[in-house]
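Have a look at the structure below before the remarks.
On a predicted model such as this, the values are computed, not experimentally measured, just so you know.
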Amino acid sequence: MASGNTVLHLASGPTGLVGKLHPTVLFNICDSYIRRNDQQERVIGTLLGSISADGTVDIRNSYAVPHNESLDQVAVDIDYHRTMFDLHQRVSPKEVIIGWYSTGAGVSGSDALIQDFYGREVTNPVHLTVDTSFSDDRPSIKAYVSTNLTLGDRQLAAQFHEIQLDLRMIEAERIGFDVLKKTMVDKLPNDIEGLEGTISRLHGMIDTVYRYVDDVVEGRIPPDNTIGRYLADTMAAVPKIAPDAFDKLFHESVQDVLLVIYLANLTRTQLTLAEKLNTAAQIV
């Protein structure tokens, strides 16, 4: 693909699209960046998911695509891209191509060429950029769509518009994401450390809600009906359990966890003994 387009990058635009990014995609992108060749400055890949009727783009999966690029040319391994997509279709036929990703901050000059290629795969492809440096402990993850600026039959430029992007995670994924942001860690957190961090964040959120409710009751800030409904729904979702029943449920859960740990250690010990006996029998 030869370079003949100029990229115009706009901070926002009236696209009406909303992207929902699953953390697995982010982890896959960072993993492909770590495994890249030494000569590559960035990696690109295909985004898979679905697009709903209301304009919500659900980004659920991805895979890296080999490519080479210079100042005026970009070469994408199309055969590899087709093969990987066919394999993904066998496993998840509902996941279709919705765009592509690249590592690095913002949009570069060659992105118009790659956007044009994915534009032949899907209408209005989404371009996801991930700054893998995680500078300032704040990940820069943005999504764009593009429109072509033409003069007669001649295409002059690709105009990129940023769209809203939501990253929603369950607690286990959030713990992994926090580790990923640190870029270098001595060790991964164990179950107790993860639980401690979760409880700490929960305590902080409860404290924030308590201050907000207290300010509303005292008249320091005006009430917000949206926040009030959200808090009411949250409180309604909390099961009503008597203190005695909670203690019983907690202790039973602890016993179940300890039993699973005991069985796992017992299985590990039996496998180790079987391996040693097998080795000794081969020596004899």
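At a threshold of 4.5 Å between side-chain heavy atoms, the hydrophobic network of Ile, Leu, Val, Met, Phe, Trp and Tyr places V217 and Y212 in one connected group. Hydrophobic cluster membership differs between L231 and M205, with clusters built from Ile, Leu, Val, Met, Phe, Trp and Tyr side chains linked at under 4.5 angstrom. Taken together through direct or relayed side-chain contacts under 4.5 Å among Ile, Leu, Val, Met, Phe, Trp and Tyr, I227 and Y230 form parts of separate hydrophobic clusters. No path of Ile, Leu, Val, Met, Phe, Trp and Tyr side chains, each step under 4.5 Å between heavy atoms, connects V213 with L202, placing them in separate hydrophobic clusters.
Ion pairing of D131 with K142 is absent here, as no side-chain N (NZ or NE/NH1/NH2) approaches a carboxylate O to less than 4.0 Å. Salt bridge D207/R211: present, at least one basic N to carboxylate O contact under 4.0 Å. A salt bridge between R120 and D116 is present, with a side-chain N of the basic residue lying under 4.0 Å from a carboxylate O of the acidic one.
Ring centroids of F117 and H67 are separated by 6.0 Å or more, keeping the two rings apart.
Side-chain contact between N124 and I51: absent, with no pair of heavy atoms (C-beta onward) separated by less than 4.5 Å. A heavy-atom distance below 4.5 Å is not found between the side chains of D77 and H81. The side-chain heavy atoms of Y101 and V130, taken from C-beta on, include no pair separated by under 4.5 Å. A 4.5 Å side-chain heavy-atom check between M84 and V65 finds every atom pair outside the cut-off. Using a 4.5 Å heavy-atom cutoff, the side chains of W100 and V122 are not in contact.
In this structure, the side chain of H203 does not engage the main chain of I199 through any donor-acceptor pair within 3.5 Å. Within the 3.5 Å criterion, the main-chain N or O of I59 finds no donor-acceptor partner in the side chain of E95. The backbone N or O of D58 lies less than 3.5 Å from no partner atom in the side chain of S50, so there is not a single donor-acceptor pair. Between the side chain of T269 and the main chain of N265, a donor-acceptor pair closer than 3.5 Å is present.
Cation-pi geometry between R36 and Y33 is met: the NZ or CZ atom falls under 6.0 Å from the ring centre, inside 45° of the normal.
Atom CD1 of I29 and atom CZ of R42 lie 12.5 Å apart (nearest 0.5 Å). Taken from CG in D31 to OG1 in T24, the straight-line distance is 12.0 Å, to the nearest 0.5 Å. Taking CG of N68 as the reference point, atom CD of Q40 lies at 7.0 Å (rounded to 0.5 Å).
For R220, the CZ atom counts as densely surrounded, since its 6.0 Å shell holds more than 12 non-hydrogen atoms of other residues, nucleotides or ligands.
For the residue pair Y63 / S32, no side-chain donor-acceptor distance below 3.5 Å is found, with atom types taken as modelled.
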